[in-house]
Amino acid sequence: MATFTERMAPFLVFWLAVCLSGTWAVDRGNFKTCDQSAFCKRQRALKHGESPYRALLETMELTNTRLTLQLINDNNKVRLLLELYRLQGNMTRVKINELKPLKPRYEVPDVLIREPPTEPLSLLSQDENGVVLSLGAESQRVILSARPFRLDIMEGSDVVMSLNSRGLLAFEHLRMRKDTQADPEAEKKDEADPANQAEAAKEEEEKVEDGMWEETFKSHTDGKPNGPSAVSLDFSLPGVEHVYGIPEHADTLRLKTTDNGDPYRLYNLDVFQYELYNPMALYGAVPVMLAHNAQRTTGIFWLNAAETWVDISSNTAGKTVFGKMLDYVQGSSETPQTDVRWISESGIIDVFIMLGPTPKDVFSQYASLTGTQAFPPLSALAYHQCRWNYNDQEDVQSVDAGFDKHDIPYDFIWLDIEHTDGKRYFTWDPHKFATPKEMLQGLQDKKRKMVAIVDPHIKVDSNYKIHTEIQSRGFYIKNKDGGDYEGWCWPGSAGYPDFTRADMRTWWASMFAYDQYEGSMENLYTWNDMNEPSVFNGPEVTMHKDAMHGAWEHRDVHNMYGFYVQMATAEGLIQRSGGVERPFVLTRAFFAGSQRYGAVWTGDNAAEWDHLKISIPMCLSLGLVGISFCGADVGGFFKSPNTELLVRWYQTGAYQPFFRAHAHLDTPRREPWLFGPENTALIRDAVRQRYTLLPYWYQQFYNTKKTGDPVMRPLWVEYPQDPATFALDDEFLIGRDLLVHPVTEEGARGVTAYLPGKDEVWFDVQTFQKHNGAQNLYVPVTMSSIPVFQRGGSIIPRKLRVRRSSTCMEHDPYTLYVALNPQRTAQGELYVDDGHTFNFEKKEFIHRRLSFANNVLSSVNLAPDSQFSTSSWVERILILGASKPSKVTLKTADGHESQLEFDFDASMSVLTLRKPGMNAGVDWTVMLQ
């Protein structure tokens, strides 16, 4: 009989042919549609109408922290337990589980950073039809209707959100299969319980549909010993036409309605050459949706790690602008409404309703549940050079020298899977990377770093220490029969560690210790790829759902696998330094809470203009749900970009949070100097722009660490009452003060940028030309143009002395760009710490408020209890929109005054203060007279 390896050899040849061809698009046949996913098809067949669920008000119990009551399905008499919590920070939590499940149902652990603190619920009124509860604020309340069960969250006379208003609550209870031998003792007990008798009788009548107990997709059969276990709930959002979030999808920022196609799917998958503008699942899944109109922003966090589908419908969908105008003229009273329905294969209903009311309130609410973005080392915000693969140590050295020769800065060079000894992670190819420490030391000497890939599929090889240790400790995921689960991935036959186990994660983290990971040094960081998990010969290129993680099926935990891999890896990088150094870990798969552990990227994109364009809404969507550290492979992973596309991608990537070039094994080399001197100069300029702005990027990441606000954000976040911003996704803000409209059209001679805010002014950062807000501005462009605008009323620090890496610039001076708006004080911040340790948590940093008002520019300490010093100074100040002063006086903290030299460009109203020379970390004022 052929061995597993022999049987799989033709498959591996086929898979590699696909991967190396670089010409295939996604094979949709490899991935399920809703109709091919039994639970989705079953649930979607339910039509909205009268819900069979009724609230049993006599079972209601109200304590200081929660309300509980039972729901009954009048069709099958199965009872559910509803728990309702009012949470601190203007949130409501709704949990629904079986009252008496056959066995426990999965509840997601480890994603919430703590058990969310509650606030008292008070009963306002009650009758036989339902109850009214106060949500604290006088006008905010929950109406719980009994028959049918429904929840309405009200503010004053307005309905903010309704649950089960369309009657689509569904909860498939766990049950014994009728054709299997049951435990007779258990049957006797069941018969003694009238509720169970009624349930059993009703269950006999229930139709057994295809896929309830077993379903087959292609050659893979998924056995379901617990039978159907799907959960579903609908949410109605009156007054809402714009919803966002639920990444990851290669789609527009504003989510589309799904009435005429598949729902959006959340199921982490390795999708080869993904298509754009459709709801297919991709590598990550964050089950969070934001809803926005000019009055309010709300959010829904559906805490479930199983395969999930999200349907969206709207009563205004499909109406043309003319149709909407006709409604207005004719006095149509129909309020816009968006209806959302979540469907998950297993688990329970556990939903957090974030009531805003502002966008930043929602970010804060979600951050209070799942945490904020990990604060990266400053160098991780600089430029990263990657491909599959740099061939050997000499290749690495040559590429490193090439950056110096062409005067292009970079901080990280990356190694993909070919650096290992036969795809055994935590190892080095003994011929190509024989002396890794020597290579890393060479980078260290230039203050540069390296990232090496460590994937979670482990080569089955009795001579490979990582495999034998995982196997001997019983840490592998099991198949349904109890043996170690094996699948096919880059090494061939591979085992998959069970990262849902805390002891497995602890062991994995220990493998990053310098004495365990041979050849590693403190400037080596980690990339977790293929962690959906990718299983080349598995259903939908992933793991069988009936594989076992202890007592739980893989179907229950699937979307959390990558989250756990990145968690364990980040912990390993922290532990290897004794808890001192911040980690940097890039992951492809992710879930809610992944922001706490590092960065993500948009996966295996292609060198096409539409892929460049889609990188913007994909990263904007991730930022809205907490994951700010996002980027796309610059240049496209598959295929080869022409020089125009490559340059435009560098220009776009330089203004996105994670800035990394990456390319497929089969593509021609594309280091930045390989496309002629003219294009090298254009790429060099884009990369240098990134480096000059690193102080601003770093301050934005410090801010998101504290608040949860996205770094790269849609315009509507800052201009929530301006409908013109609600669907924009070809431009974005970095923080509040930089607006970027990259050039993403081939052959573009210009772009039209919307500059928001009727009271705003915006300055072109290259020309310093001033433009009023609330207008569509046509901006002529050449190949060197990156349309970027600084908001009037802001102060942005830059470092203009660009060196070979960010670390080389640590002590360099700042230039302050002060953009004035006569209607408001100009403000900005400067944040400085050591750039790489956790000492900022011990108050070792500088955080200063920069402000300009009444012709006085000042720097004030925002953290008087912090201790840190810098040798950087302020070497230049540019004031945009200024008037010419007669003199300029600098006053330092010690009372010393001096006159500053200045130049004034009357044609552009730009005042330049030269060589003020004060230390960046102290108090000072500059007075214009």
Between [X] and [Y], does any side-chain N to carboxylate O distance fall below 4.0 Å?
X      : Y      : answer
Asp709 : Arg736 : no
Arg582 : Asp833 : yes
Glu875 : Arg801 : yes
Asp395 : Lys432 : no

Open item on the list: Could you go through Thr707 and Lys360, starting from their C-alpha distance and side-chain angles, then the distance that decides it, and tell me whether this counts as side-chain contact (heavy atoms from CB on, under 4.5 Å)?
Closed with: CA-CA 8 Å; Thr707 66; Lys360 293 188 180 181; over 6 Å; no

Nearest-0.5 Å distance, [atom1] of residue [X] to [atom2] of residue [Y]:
X      : Y      : atom1 : atom2 : value
Leu620 : Leu253 : CG    : CG    : 5.5 Å
Ile453 : Trp490 : CD1   : CH2   : 9.5 Å
Leu830 : Arg849 : CG    : CZ    : 12.0 Å
Asp411 : Met450 : CG    : CE    : 13.5 Å
Cys808 : Arg803 : SG    : CZ    : 7.5 Å
Lys799 : Leu694 : NZ    : CG    : 9.0 Å

Task: Phe375: which of Phe840, Phe701, Trp697, Phe838 passes ring-ring contact (aromatic ring centres under 6.0 Å, His included) - done: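 That would be Phe840; it is the only one of Phe840, Phe701, Trp697, Phe838 passing the ring-ring contact (aromatic ring centres under 6.0 Å, His included) with Phe375.
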
TODO: Could you check Phe403, Phe659, Tyr691 and say which one makes a ring-ring contact (aromatic ring centres under 6.0 Å, His included) with Tyr410?
DONE: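 When ring-ring contact (aromatic ring centres under 6.0 Å, His included) is applied between Tyr410 and each of Phe403, Phe659, Tyr691, only Phe403 qualifies.
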
For residues [X] and [Y], report the shortest heavy-atom separation together with the two atoms involved.
X      : Y      : answer
Arg848 : Asn861 : NH2-N, 3.4 Å
Lys423 : Lys459 : O-CB, 4.5 Å
Asn605 : Trp649 : ND2-CZ2, 3.4 Å
Ala513 : Ser520 : O-OG, 4.4 Å
Pro377 : Tyr698 : C-CE1, 4.5 Å
Ala661 : Tyr383 : CB-OH, 3.2 Å

Between [X] and [Y] (side chain of the first, backbone of the second, donor and acceptor by atom type, cut-off under 3.5 Å), is there such a pair?
X      : Y      : result
Asn919 : Gly921 : yes
Thr837 : Glu581 : no
Asn389 : Glu418 : yes
Gln373 : Gln595 : yes
Arg596 : Val111 : yes
Thr602 : Ser615 : no
Asp812 : Leu800 : no
Arg670 : His662 : yes
Trp508 : Gly572 : no
Asp416 : Arg387 : no

- [ ] Determine the sole option in Val565, Asn528, Ile417 for which the side chain to side chain contact (heavy atoms under 4.5 Å, CB included) test with Asp455 is passed.
- [x]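 With Asp455 as partner, Val565, Asn528, Ile417 yield a single side chain to side chain contact (heavy atoms under 4.5 Å, CB included), made by Ile417.
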
Beyond-backbone contact of [X] with [Y], side-chain heavy atoms, under 4.5 angstrom:
X      : Y      : answer
Tyr496 : Ile458 : no
Gln700 : Pro657 : no
Trp507 : Pro497 : no
His558 : Pro533 : yes
Met91  : Pro116 : no
Arg713 : Phe363 : no
Phe433 : Val396 : yes
Thr587 : Tyr597 : no

No-hydrogen, no-angle side-chain donor-acceptor test under 3.5 Å, [X] and [Y]:
X      : Y      : value
Gln393 : Thr435 : yes
Tyr564 : Asp110 : yes
His384 : Trp414 : yes
Gln441 : Asp445 : yes
Asp361 : Gln365 : no
Thr427 : Asp421 : no
Ser510 : Gln516 : no
Gln444 : Glu522 : yes
Tyr390 : Asp400 : no

Aromatic centroids of [Y] and [X] separated by under 6.0 Å:
X      : Y      : answer
Tyr702 : Phe845 : yes
Phe512 : Phe426 : yes
Phe563 : Phe499 : no
Tyr655 : Phe732 : no
Phe412 : Phe584 : yes

Task: Derivation and outcome, side-chain contact (heavy atoms from CB on, under 4.5 Å), residues Leu369 and Leu303 - done: CA-CA 11 Å; Leu369 298 171; Leu303 183 52; over 6 Å; no

- [ ] Carefully, step by step, assess Met618 and Gln656 under the rule side-chain contact (heavy atoms from CB on, under 4.5 Å).
- [x] CA-CA 11 Å; Met618 288 182 78; Gln656 292 177 343; over 6 Å; no

- [ ] Using the ring of Phe475 (Phe, Tyr or Trp, six-membered ring only), decide whether Arg501 places NZ or CZ under 6.0 Å from its centre and within 45 degrees of its axis.
- [x]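 Arg501 over Phe475 ring: no.
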
- [ ] In sequence, state the C-alpha distance, the side-chain angles, and the governing distance for Leu586 and Val451, and then conclude on side-chain contact (heavy atoms from CB on, under 4.5 Å).
- [x] CA-CA 9 Å; Leu586 180 73; Val451 171; 6.0 Å; no

TODO: For Arg473 and Asp503, run salt bridge (Lys or Arg N to Asp or Glu O under 4.0 Å): C-alpha distance rounded to whole Å, both residues' side-chain angles, the deciding distance at 0.1 Å, then the answer.
DONE: CA-CA 10 Å; Arg473 293 166 187 261; Asp503 53 357; over 6 Å; no

